[in-house]
Amino acid sequence: MHFSTASSVPDAEWNNLLDTLEQLVGKRPADLNGVLFLIGMQELGRGPKRFSKEQKQDLLHVAVCTVLSQSGYYVSIGPDKDNWPQFDLLKPLPSGDILAQEDLLKSHVLHYFNSALNS
């Protein structure tokens, strides 16, 4: 799979998602990592609490695996002993520069929220 450097995620669609999240959680995420953090918290299912730096990184990982599982890159293998979601990589992630990787994640994040908010 080849990615161009031009973004395929419309800014308006991304900004609409940020607006919706601001209404839902009371704070507009500053960037993709902020949105991924919210997804990680949602998937963990423990509600708002303070997380260590390592746990915040783990939440981002959970979010990335969750959204990319929609395209078969990852599969959930259930919770670990601490009840955190675990994933296995099924196929290699597409190579690309940082903008292409961000675009891949943004498109999957939009699909994640479109599915979640319309179900």
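Bear in mind the structure is a predicted one, so any value in this text is a computation, not a measurement. Values below: every heavy atom of this structure, side chains too, minus hydrogens, waters and symmetry copies. FYI, the numbering just counts along the sequence from 1.
Gln70 places a side-chain N or O within donor-acceptor distance of the main-chain N or O of Val67, the cut-off being under 3.5 Å. Looking at Asp82, its side chain never comes within 3.5 Å of a backbone N or O of Trp84 through a donor-acceptor pair. No side-chain donor-acceptor contact under 3.5 Å links Asn83 to the backbone of Pro79.
Taking CG from Leu68 and CG from Leu90, the interatomic distance works out to 11.5 Å, rounded to the nearest 0.5 Å. Here the NZ-CG distance, from Lys106 to Leu36, works out to 10.5 Å after rounding to the nearest 0.5 Å. Expressed to the nearest 0.5 Å, how far NE2 of His108 lies from NE2 of His111 amounts to 8.5 Å. Atom CG in Asp11 sits 11.0 Å away from atom CG in Asn16 (nearest 0.5 Å). Annotation: the span from Gln55 atom CD to Met41 atom CE amounts to 11.5 Å, rounded to 0.5 Å. Atom CD of Glu102 is separated from atom CG of Leu104 by 11.0 Å, given to the nearest 0.5 angstrom.
Contact of the Val35 side chain with the Leu105 side chain is not registered, since no non-hydrogen atoms from C-beta on lie closer than 4.5 Å. Within the 4.5 Å cutoff, side-chain heavy atoms of Trp14 are placed close to those of Val109. Counting heavy atoms from C-beta on, the side chains of Asp19 and Arg28 come closer than 4.5 Å. No side-chain heavy atom of Thr20 sits less than 4.5 Å from a side-chain heavy atom of Phe113.
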Please walk me through it: do Leu38 and Lys27 pass side chain to side chain contact (heavy atoms under 4.5 Å, CB included)?
CA-CA 11 Å; Leu38 291 173; Lys27 183 177 179 185; over 6 Å; no

Checking Phe37 against Leu60 for the side chain to side chain contact (heavy atoms under 4.5 Å, CB included) test, could you report, in this order, the C-alpha distance in whole Å, the side-chain angles of both residues, the deciding distance, and whether it holds?
CA-CA 5 Å; Phe37 182 77; Leu60 293 179; 4.1 Å; yes

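Note on Leu44: it does not cluster hydrophobically with Val75, by side-chain heavy-atom contacts below 4.5 Å among ILVMFWY residues. Grouping the Ile, Leu, Val, Met, Phe, Trp and Tyr side chains by contacts below 4.5 angstrom, directly or via other members, places Leu93 with Val62.
Counted within 6.0 Å of NZ on Lys53, heavy atoms from surrounding residues, nucleotides or ligands total 12 or fewer; the atom is thus considered open.
No hydrogens or angles considered: a donor-acceptor pair under 3.5 Å links the side chains of Tyr112 and Glu43.
Between Pro29 and Gly34 the shortest heavy-atom distance is CB-C, 4.0 Å. The two residues Ser69 and Thr66 come nearest to each other via the heavy atoms OG-O, 2.5 Å.
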